[in-house]
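Contents: one structure, followed by commentary.
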Amino acid sequence: MNVKIIGLTGGIGSGKTTVANCFSTFDIPVYIADVEAKKLMVTSKVLIRQLKQLFGAESYLDKELNRAYIAQKIFSDKDLLEKMNAIVHPKVSRHFKKWLKKQSSKYVIYESALIFENSNTNHFDSIITVTAPVEIRVQRVVERDNSTEKKVKSIISNQLSDKVKIENSDFVIKNLDLETTKHQVKNIHFQIIELIDSGQI
Ligand code: ATP
């Protein structure tokens, strides 16, 4: 039986990784696209070469990605950001497919902030969106990343709205109190198993 792919998305600070970790407690394998992309950017020789071609040799400091330099480059040049995505996303996609082949669970979770923006949603058997009020998300990220309210709000304004994400999702998790979130994850986990077992997905 082929392993089903459940997409998990939501805006910055909504709690995607927190929710993904809750799914892990049911022995569901989790693929965090952003984490894997960051790893691939420092391990894949092909990717390193392509990124150096795009941004210049300064894009790496020793073997580490020069994040500040790249962030400053793409901040003022949307075209460059698109070019970077066009290099990184296919690589992550291939890496995910290889990873998927090694999994033997009924389903896996693919977590990415940009499922609706960057992926073909037909690749997913079901999609879950994590939500929380903007003010709470801003506060969480400011604390987690030592960032500023202004920076986080500017990222949020560049992401697709929760309204659009919710309309296009099969499940929505309201991530406020952690215990309630765990309860929602448990319910959704069993619903997904039921959908798989009955052949509906
Ligand atoms: P990003 O888009 O930046 O990757 P994310 O959506 O994956 O963020 P998390 O990293 O899971 O969000 O959560 C953001 C921060 O908020 C973390 O520090 C996390 O511990 C905290 N957090 C998440 N959910 C809750 C919650 N229900 N109660 C309290 N803190 C929470």
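Here the structure is a predicted model, which means the values were calculated and not measured.
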>> Within this structure, what is the CE-CD1 distance for the pair Met41 and Ile48, rounded to the nearest 0.5 Å?
In response: 10.5 Å
> Are any of the side-chain heavy atoms of Leu100 and Tyr31 separated by less than 4.5 Å?
Replying inline: no
>> Rounded at 0.5 Å granularity, tell me how far CG in Leu51 sits from CG in Leu65.
In response: 7.0 Å
>> If hydrophobic clusters are built by linking Ile, Leu, Val, Met, Phe, Trp and Tyr wherever their side-chain heavy atoms come under 4.5 Å apart, do Phe96 and Phe116 end up in the same one?
In response: yes
>> Taking ring-ring contact (aromatic ring centres under 6.0 Å, His included) as the definition, give me every residue that meets it alongside Phe23, ordered by chain and number, with sequence neighbours left out.
In response: none
>> Between Tyr110 and His123, does the ring pair (Phe, Tyr, Trp, His ring centres under 6.0 Å) criterion hold? Intermediate values first, please.
In response: CA-CA 11 Å; Tyr110 177 96; His123 292 156; 9.6 Å; no
>> Is it the case that the ring center of His189 lies less than 6.0 angstrom away from the ring center of Tyr107?
In response: yes
> Under 3.5 Å, side chain of Glu36 to main-chain N/O of His95, donor-acceptor pair present?
Replying inline: no
> Should the heavy atoms of other residues, nucleotides or ligands under 6.0 Å from CD of Glu58 be counted, would the total exceed 12?
Replying inline: yes
> Taking side chain as C-beta onward, heavy atoms only, is Arg67 less than 4.5 Å from Ile70?
Replying inline: no
>> Could you check whether atom CG of Asn146 has more than 12 heavy atoms from other residues, nucleotides or ligands sitting under 6.0 Å from it?
In response: no
>> Show, in sequence, the C-alpha distance, side-chain angles and deciding distance for Ser105 and Gln103, and conclude whether the side-chain hydrogen bond (donor to acceptor under 3.5 Å, both in side chains) test is met.
In response: CA-CA 6 Å; Ser105 49; Gln103 311 308 321; 5.4 Å; no
>> Grouping I, L, V, M, F, W and Y whenever their side-chain heavy atoms are under 4.5 Å apart, do Phe124 and Leu114 come out in a common cluster?
In response: no
>> Which Ile, Leu, Val, Met, Phe, Trp or Tyr residues join Leu178 in one cluster when any pair of side-chain heavy atoms under 4.5 Å counts as a link?
In response: none
>> Quick check for you: to the nearest 0.5 Å, what is the distance between Lys83 atom NZ and Asn85 atom CG?
In response: 12.5 Å
> Is there a side-chain contact between Leu8 and Ile6, using heavy atoms and a 4.5 Å cut-off?
Replying inline: no
> Which heavy-atom pair separates Gly13 from Arg137 by the least distance, and what is that distance?
Replying inline: O-CG, 3.5 Å
> Heavy atoms, side chains only, cut-off 4.5 Å: are Ile109 and Pro29 in contact?
Replying inline: no
>> Please evaluate residues Gln191 and Phe171 with respect to the criterion side chain to side chain contact (heavy atoms under 4.5 Å, CB included), reporting the C-alpha separation (whole Å), side-chain torsions for both, the decisive distance (0.1 Å), and the verdict.
In response: CA-CA 10 Å; Gln191 282 183 64; Phe171 300 99; 3.4 Å; yes
> Which pair of non-hydrogen atoms, one from Leu47 and one from Val88, has the smallest distance, and what is that distance?
Replying inline: CD1-CA, 4.2 Å
>> According to ring-ring contact (aromatic ring centres under 6.0 Å, His included), does anything in residues 128-149 pair up with another residue at least two apart or in another chain? List the pairs.
In response: none
>> Run the side chain to side chain donor-acceptor pair (under 3.5 Å) test against Asp170 and tell me which residues pass, sequence neighbours left out.
In response: Ser126
> Should Val164 and Ile12 be regarded as members of a common hydrophobic cluster, given that ILVMFWY residues are connected when their side-chain heavy atoms come within less than 4.5 Å of each other, either directly or indirectly?
Replying inline: no
>> On a heavy-atom basis, which atom in Gln159 and which in Ala113 lie closest, and how many Å separate them?
In response: NE2-CB, 4.4 Å
>> To check you understand the geometry: which heavy-atom pair defines the closest contact between Arg140 and Ala132, and what is its length?
In response: NH1-CB, 3.7 Å
> Would you call Lys151-Asp145 a salt bridge at under 4.0 Å N-O?
Replying inline: no
>> Pair Val19, Val185 - check side chain to side chain contact (heavy atoms under 4.5 Å, CB included), show working.
In response: CA-CA 7 Å; Val19 167; Val185 169; 3.9 Å; yes
> What distance do Lys106 atom NZ and Leu195 atom CG have between them, rounded to the nearest 0.5 Å?
Replying inline: 11.5 Å
>> I need the minimum non-hydrogen distance between Lys91 and Ser44, along with the two atoms involved.
In response: CE-OG, 3.5 Å
> Just how far is it from atom OG of Ser161 to atom CD1 of Ile166, taken to the nearest 0.5 Å?
Replying inline: 8.0 Å
>> Is the shortest side-chain heavy-atom distance between Glu135 and Lys153 below 4.5 Å?
In response: yes
> Is a salt bridge present between Asp77 and Lys73, judged by a nitrogen-to-oxygen distance below 4.0 Å?
Replying inline: no
>> I need the full list of ring-ring contact (aromatic ring centres under 6.0 Å, His included) pairs touching residues 42-91, with sequence neighbours left out, sorted by first then second residue.
In response: none
>> Could you tell me if the side chain of Val30 sits less than 4.5 Å from the side chain of Asn21, heavy atoms only?
In response: no
>> To the nearest 0.5 Å, what is the distance between CG on Asp125 and CD1 on Ile201?
In response: 5.5 Å
> Hey, any chance Val172 and Ile188 share a hydrophobic cluster, counting ILVMFWY side chains that come within less than 4.5 Å of each other, even indirectly?
Replying inline: no
>> Could you go through Lys163 and Glu167, starting from their C-alpha distance and side-chain angles, then the distance that decides it, and tell me whether this counts as side chain to side chain contact (heavy atoms under 4.5 Å, CB included)?
In response: CA-CA 6 Å; Lys163 186 174 178 284; Glu167 277 168 6; 3.1 Å; yes
>> I need the minimum non-hydrogen distance between Gly11 and Asp162, along with the two atoms involved.
In response: N-OD1, 4.4 Å
> Side chain of Asp62, backbone of Glu64: donor and acceptor closer than 3.5 Å?
Replying inline: no
>> Working note: Thr9 + Ile128, criterion side chain to side chain contact (heavy atoms under 4.5 Å, CB included); need CA distance, chi angles, decisive distance, verdict.
In response: CA-CA 6 Å; Thr9 194; Ile128 304 168; over 6 Å; no
>> Test salt bridge (charged side-chain N to carboxylate O under 4.0 Å, His left out) on Glu82 and Lys78; report intermediate values, then the result.
In response: CA-CA 6 Å; Glu82 274 171 27; Lys78 279 247 153 59; over 6 Å; no
> Looking at side-chain heavy atoms only, is the closest gap between Lys102 and Val3 below 4.5 Å?
Replying inline: no
>> Among residues at least two apart in sequence or on other chains, which ones pass side chain to side chain donor-acceptor pair (under 3.5 Å) with Lys38?
In response: Asp34
> For residues Thr17 and Glu111, is any side-chain donor paired with an opposing acceptor at under 3.5 Å?
Replying inline: yes
> If you group Ile, Leu, Val, Met, Phe, Trp and Tyr by side-chain heavy-atom gaps below 4.5 Å, do Ile136 and Ile155 land in one group?
Replying inline: no
> Under a 4.5 Å cut-off applied to non-hydrogen side-chain atoms, are Ile87 and Leu54 in contact?
Replying inline: yes
